[in-house]
Amino acid sequence: QRQLMESGGGSVETGGSLSLSCKYFDVTPRAYCMAWFRQAAGKEREGVAHMSIFGTATYADSVKGRFTIDKDAAKRTLYLQIDSLAAEDTAVYYCAMTSNRPFGCGVWDRADEYDYWGQGTQVTVSS
């Protein structure tokens with residue numbers, strides 16, 4: 001049963017933009033953290049953006065100023081706006097969610113902190 005589902009990936013040219021969405025189903029912890037990760041071919045999965053239980057956003061240095069994470073709890077949707085895309089942004093992008101975490105999110109960019117994952121959406125940037 002799919003609990004997180006990403007959409008919005010695609011192929012764009014360098015400098016372009018994409019908006020990714022992650023809808024979550026049947027996952028209702030009261031205090032949870034969410035994040036976007038990406039995994040390029042032959043590389044490890046890396047955290048790119050995080051939203052804490054308090055709604056605070058954190059970004060990897062490599063994407064600061066270009067990526068924006070947001071959440072609409074009423075729509076049960078997490079978003080990632082990606083601007084000024086570069087070739088190195090090519091990867092499969094995943095959204096992730098923790099279980100109930102009333103005391104905080106732990107190390108936000110560690111994949112093993114997260115309990116639920118989507119299937120991923122491909123982002124390809126070409127010059």
Side-chain angles (χ1 to χ4, degrees):
Q1 185 176 1
R2 184 169 293 172
Q3 294 171 311
L4 301 179
M5 185 168 66
E6 302 94 340
S7 61
S11 297
V12 296
E13 293 185 348
T14 301
S17 298
L18 279 174
S19 295
L20 307 184
S21 298
C22 172
K23 184 85 172 177
Y24 45 101
F25 307 90
D26 300 322
V27 179
T28 56
R30 287 187 289 177
Y32 57 92
C33 311
M34 296 195 74
W36 287 96
F37 282 73
R38 67 185 180 187
Q39 187 165 19
K43 295 188 177 181
E44 292 190 357
R45 193 168 296 192
E46 64 168 342
V48 295
H50 168 261
M51 181 159 284
S52 75
I53 58 175
F54 306 109
T56 303
T58 305
Y59 300 93
D61 288 342
S62 60
V63 307
K64 280 180 182 176
R66 301 189 299 120
F67 288 23
T68 304
I69 188 171
D70 200 2
K71 182 177 70 177
D72 186 331
K75 294 183 177 179
R76 301 170 67 82
T77 303
L78 181 73
Y79 303 98
L80 185 69
Q81 176 67 34
I82 310 175
D83 298 318
S84 302
L85 277 158
E88 55 264 34
D89 296 318
T90 295
V92 178
Y93 284 71
Y94 299 89
C95 68
M97 174 187 274
T98 65
S99 57
N100 203 34
R101 297 283 181 91
F103 301 110
C105 300
V107 180
W108 76 266
D109 57 351
R110 277 183 53 169
D112 60 4
E113 291 280 2
Y114 298 86
D115 304 286
Y116 307 99
W117 291 84
Q119 82 289 351
T121 185
Q122 177 71 47
V123 171
T124 303
V125 185
S126 59
S127 57

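In this structure, the side chain of E113 engages the main chain of V107 through a donor-acceptor pair within 3.5 Å. T77 places no side-chain N or O within 3.5 Å of a backbone atom of K23 that could act as its donor or acceptor partner. With hydrogens and angles disregarded, no donor-acceptor distance shorter than 3.5 Å links the side chain of S84 to the backbone of G15.
One distance of note links OG1 of T56 with NE2 of H50; it measures 9.0 Å at 0.5 Å rounding. For the atom pair CD of Q119 and SG of C95, the computed distance is 8.0 Å after rounding to the nearest 0.5 Å. In this structure, the separation between OH on Y79 and CE on M34 is 11.0 Å, given to the nearest 0.5 Å. Here C33 contributes atom SG and K71 contributes atom NZ; the two are 8.5 Å apart, rounded to the nearest 0.5 Å.
Among V92, D89, L80, the single residue meeting the side-chain contact (heavy atoms from CB on, under 4.5 Å) criterion with R38 is D89.
When all heavy atoms are compared, the tightest approach of I69 to A57 is CG2-CB, 3.6 Å. In this structure, A40 and A91 approach most closely via the heavy-atom pair N-CB, 3.7 Å. Looking at every heavy atom in both residues, L4 comes nearest to C22 through CB-SG, 4.1 Å. The two residues V125 and T90 make their nearest non-hydrogen contact at N-OG1, 2.9 Å. Across G47 and A60, no two heavy atoms sit closer than the pair O-CB, 3.5 Å. Summarising the geometry of Y93 relative to L20, their closest heavy-atom pair is CB-CD1, 3.7 Å, with the distance given to 0.1 Å.
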Using the side-chain contact (heavy atoms from CB on, under 4.5 Å) rule, take E6 and W36 through it: C-alpha gap first, then chi angles, then the decisive distance, then the call. CA-CA 10 Å; E6 302 94 340; W36 287 96; 3.9 Å; yes
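In this structure, F37 has its ring center closer than 6.0 angstrom to the ring center of Y114.
Ring geometry, Y32 versus Y24: the interplanar angle exceeds 60°, so the pair is classed perpendicular (tilted spans 30 to 60°).
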